Amino acid sequence: MKFLIILALAVAASAFPEAELHHRSREMPVVGDIQGRITGGSTAAVGQFPYQVGLSLKLSALSSAWCGGSLIGSQWVLTAAHCTDGVQSVSVYLGATVRTAPEITVTASSIIIHSGWNSANLRNDISLLKIPAVSYSTKIQPVTLPSVASSYSTYAGETAVASGWGRTSDSSSSVASNLQYVDLTVITNTVCANTYGSSIVTASNICVSTTNGRSTCNGDSGGPLVLKSNSVQIGLTSFGASAGCEKGYPAAFTRVTSYLDWIKSNTGI
């Protein structure tokens, strides 16, 4: 069955037990969070993902949330639009494996959300954060973006690595303490659209299979999907099935090759 986009949380879940789609929502970090896996993954070693960024999002004077991102230059972080939409400020955690112990924490000086971002259909789910220039080290390095020549590659069948501090299971109450990662196989957009529909899965998305409970989950939003073969970032975590992260439905990402011109025009990268 194709999933429906349910915009109002007031819609009874029992009416559509699994027929919902939503972004990998921003999550509240909770002290004493259960440690474990990015649903079926492993704990990252120090320096294993030096491009991984954690984002502490201030939503109001009394509330905050969590997302992921990737360092793409000394002053730029790439993340999802649904992470930064409506936030008051963003603290950027760099060089961390333990979420609460980053090497450096800086505040984003500006937020650039794609002008075509549409929360109704999750289109153009991408944004940029400008930060004070950081010095690179063994724990802090930028990720490699795809070349323009690879813009037409589907990457179908290739293995990619997703990383983040998102929820470790559907029953987890909050994000993880330790950085997690999982190997996932890229599928074609046609296969992905069999679940979510071709009006939702477009050329600017890239999807992975999530067999055996291995997937991204809430709190991983905005985090990188990187080819295992050459460490090039091909996606950033966007949405999945609201039925749960461990149910086996495809996970969808914003396709980085679709936004190379947009990234360059805003950052020079």
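The structure presented is a predicted model; accordingly, all values stated were derived computationally and were not measured.
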Open item on the list: Checking Tyr155 now: which residues fulfil ring pair (Phe, Tyr, Trp, His ring centres under 6.0 Å) with it, not counting sequence neighbours?
Closed with: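 Tyr155 satisfies ring pair (Phe, Tyr, Trp, His ring centres under 6.0 Å) with no residue once adjacent residues are dropped.
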Do [X] and [Y] come close enough that some side-chain heavy atom pair is under 4.5 Å?
| X | Y | result |
| --- | --- | --- |
| Ile263 | Trp76 | no |
| Pro224 | Val143 | no |
| Ser199 | Asn121 | no |
| Val208 | Thr216 | no |
| Val232 | Val226 | no |
| Val186 | Ile234 | yes |
| Cys67 | Leu57 | yes |
| Gln48 | Leu179 | no |

Open item on the list: Please find the pair of heavy atoms, one from Pro50 and one from Thr138, that lie closest to each other, and give the distance.
Closed with: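 Of all heavy-atom pairs spanning Pro50 and Thr138, the closest is CB-O, 3.9 Å.
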Task: Exam field: side chain Ser127 to backbone Ala80, donor-acceptor pair closer than 3.5 Å - done: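 Flag set: sc Ser127 to bb Ala80 pair under 3.5 Å.
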Open item on the list: Tell me if a side-chain donor or acceptor on Tyr136 pairs with a main-chain N or O of Ser74 at a distance below 3.5 Å.
Closed with: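 Yes.
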Open item on the list: Taking side-chain contact (heavy atoms from CB on, under 4.5 Å) as the criterion, tell me which of Leu94, Ile104, Thr107, Val90 meets it with Ile131.
Closed with: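 Among Leu94, Ile104, Thr107, Val90, the one that satisfies the side-chain contact (heavy atoms from CB on, under 4.5 Å) with Ile131 is Leu94.
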Open item on the list: With clusters defined by side-chain heavy atoms of hydrophobic residues (ILVMFWY) lying less than 4.5 Å apart, directly or transitively, does Ile113 cluster with Leu59?
Closed with: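 Leu59 clusters together with Ile113.
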Open item on the list: Students often mix this up, so state it plainly: with edges at 30° and 60°, are the rings of Phe49 and Tyr181 parallel, tilted or perpendicular?
Closed with: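 Ring orientation of Phe49 relative to Tyr181: tilted.
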TODO: Fit a plane to each ring of His114 and Tyr259, take the angle between them on a 0 to 90° scale, and name the class: parallel (under 30°), tilted (30 to 60°) or perpendicular (over 60°).
DONE: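 It falls in the perpendicular class, over 60°.
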- [ ] Determine whether more than 12 heavy atoms belonging to other residues, nucleotides or ligands lie under 6.0 Å from atom CG of Asp261.
- [x]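 At most 12 heavy atoms, drawn from other residues, nucleotides or ligands, come within 6.0 Å of this atom.
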